[in-house]
Structures are given as C-alpha cells and as structure tokens.
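Report on the structure given below.
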Amino acid sequence: TQLLEQSPQFLSIQEGENLTVYCNSSSVFSSLQWYRQEPGEGPVLLVTVVTGGEVKKLKRLTFQFGDARKDSSLHITAAQPGDTGLYLCAGAGGNTNAGKSTFGDGTTLTVKP
Amino acid sequence: KAGVTQTPRYLIKTRGQQVTLSCSPISGHRSVSWYQQTPGQGLQFLFEYFSETQRNKGNFPGRFSGRQFSNSRSEMNVSTLELGDSALYLCASSFLGTATGELFFGEGSRLTVL
C-alpha cells in the first residue's frame, strides 16, 4: 500500500506570513496533484506536477515535485485568509497504486486576519 | 462547462437502512470514482467506473456497491447502514481515469447515520 504523509497536519498563521506544506512517500508516482478543499465543498484541483524537480507557480503558491518523484511541497507566500482550507496531495500512477489516486490525510490551514 | 453534480447534498438515515447517491460527471468524462471522507481516515477510495465497467475497487465491504449508466452518470449504494458509514461521499469525474490523477470533484453527499 502506498502512503502519502503530509505535514504539518494543522497550521495556524497570521495573514502575511509564509508557509510550506510537505507531502512525502516512499513510493514513486507518475504524477502528483494538490487540491484545496473548503468546508462543505469537494476538493478543487490546484496543480499537477509530472517531472522530477518540476516547479510550478500559481500566483502566491509554488509547487515542487521531488527529483525522485516521491515527494512534493507547497509553499504559500504572504498567506491571506482566503487561503484557509484543507490542502490535499494525491499521487497517481505509482507502481503499486493499482490504477487509482492515493490521497494524503491533508493539512488544515487557517490564516487569521 | 457544468461541473460534477452530486445528489442529494445531505441525508439522514438510520442503522439498517440503505441509501443511493447519484453523480453526474462533467460532460465528456467517462470515468467516475467515488471516495469516502471522514475526519479520522481522510479520503478513502471506494471504486471507479469507466464506460459502465468497474475498473477498480477499494477495500470496502460488499455493502458498498455502484454502477454507471451509458450516459456516464453513476450511482453508489450502501446497504444495511452502520453508524460508521456516516461520512462525506465524494464523486470525482475524470477524462482518462483516476490513474492519471486529475480529478474533478463534486460537492459531496453528507450522510449521517443515526
């Protein structure tokens, strides 16, 4: 069974601060996705990373895929209250993934004004 | 382009009853997958349907079943409900399937079992 471990599990910061969320696995994935989920809603896809070492930017969010395609990070610059939510990473296409996406347990981010 | 639609959004059932949840995927998407989300277990994969065939199944008991229709709409059914089945059930639509990763989720069906 492939596991994706996210850290930290909870994060509470003030508006304007920077933060990094980590997603780690011992397994290799073909691609990795990051989603954000707000209370009462389904997860929304933010980004897909495919190539080892790849870096993608989405406004104040920077996503990086590890060189070995086993881990990823999400960095948010100057966080805003609107960034509050549950951040989920998901790995797809791994050796033992059996054709499905495996999700991490998520990082709950609270940004206080 | 309309998103993924799940119905009903909220429902309350009692132990022993059964429930059917519905999901309409994004137009053109042939893959529909279902996930159970609980605070303690996170998102757990239930099953995936692609072109009316179950392509993959997670580690859930046989009380959980699903199907997909020719128009790609999908239903999942849970029989003999237990208290532990209380969860947010999420449907995800994909063009190529869950193995490729990019999933588009509905807002979920919140099931409470009393």
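Bear in mind that the values here come from a model prediction, so they are computed numbers and not experimental data. To find a chain, count down the sequence lines: A is the first, B the second, and so on, and within it residues start at 1.
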Check this for me: [X], atom [atom1], are more than 12 non-hydrogen atoms of other residues, nucleotides or ligands nearer than 6.0 Å?
{"X": "B/Phe69", "atom1": "CZ", "value": "yes"}
{"X": "A/Gln9", "atom1": "CD", "value": "no"}
{"X": "A/Glu15", "atom1": "CD", "value": "yes"}
{"X": "B/Arg15", "atom1": "CZ", "value": "no"}

Between [X] and [Y], what is the shortest heavy-atom contact and its length?
{"X": "B/Leu88", "Y": "A/Gln37", "result": "CD2-NE2, 3.9 Å"}
{"X": "B/Leu90", "Y": "A/Pro43", "result": "CD1-CD, 3.8 Å"}
{"X": "B/Leu43", "Y": "A/Leu88", "result": "CD1-CD1, 4.0 Å"}

Co-membership, hydrophobic cluster, residues [X] and [Y], 4.5 Å side-chain:
{"X": "A/Tyr87", "Y": "A/Ile13", "result": "yes"}
{"X": "A/Val50", "Y": "A/Leu45", "result": "no"}
{"X": "A/Leu58", "Y": "A/Trp34", "result": "yes"}
{"X": "B/Val32", "Y": "B/Phe50", "result": "no"}

Checking heavy-atom separations under 4.5 Å from chain A, one finds in residues 104-114 of chain B B/Phe104, B/Phe105, B/Gly106, B/Glu107
When the 4.5 angstrom heavy-atom criterion is applied to A/Glu41 and chain B, the contacting part is both
If one checks every heavy atom of B/Gln44 against chain A at 4.5 Å, the contacting part turns out to be neither
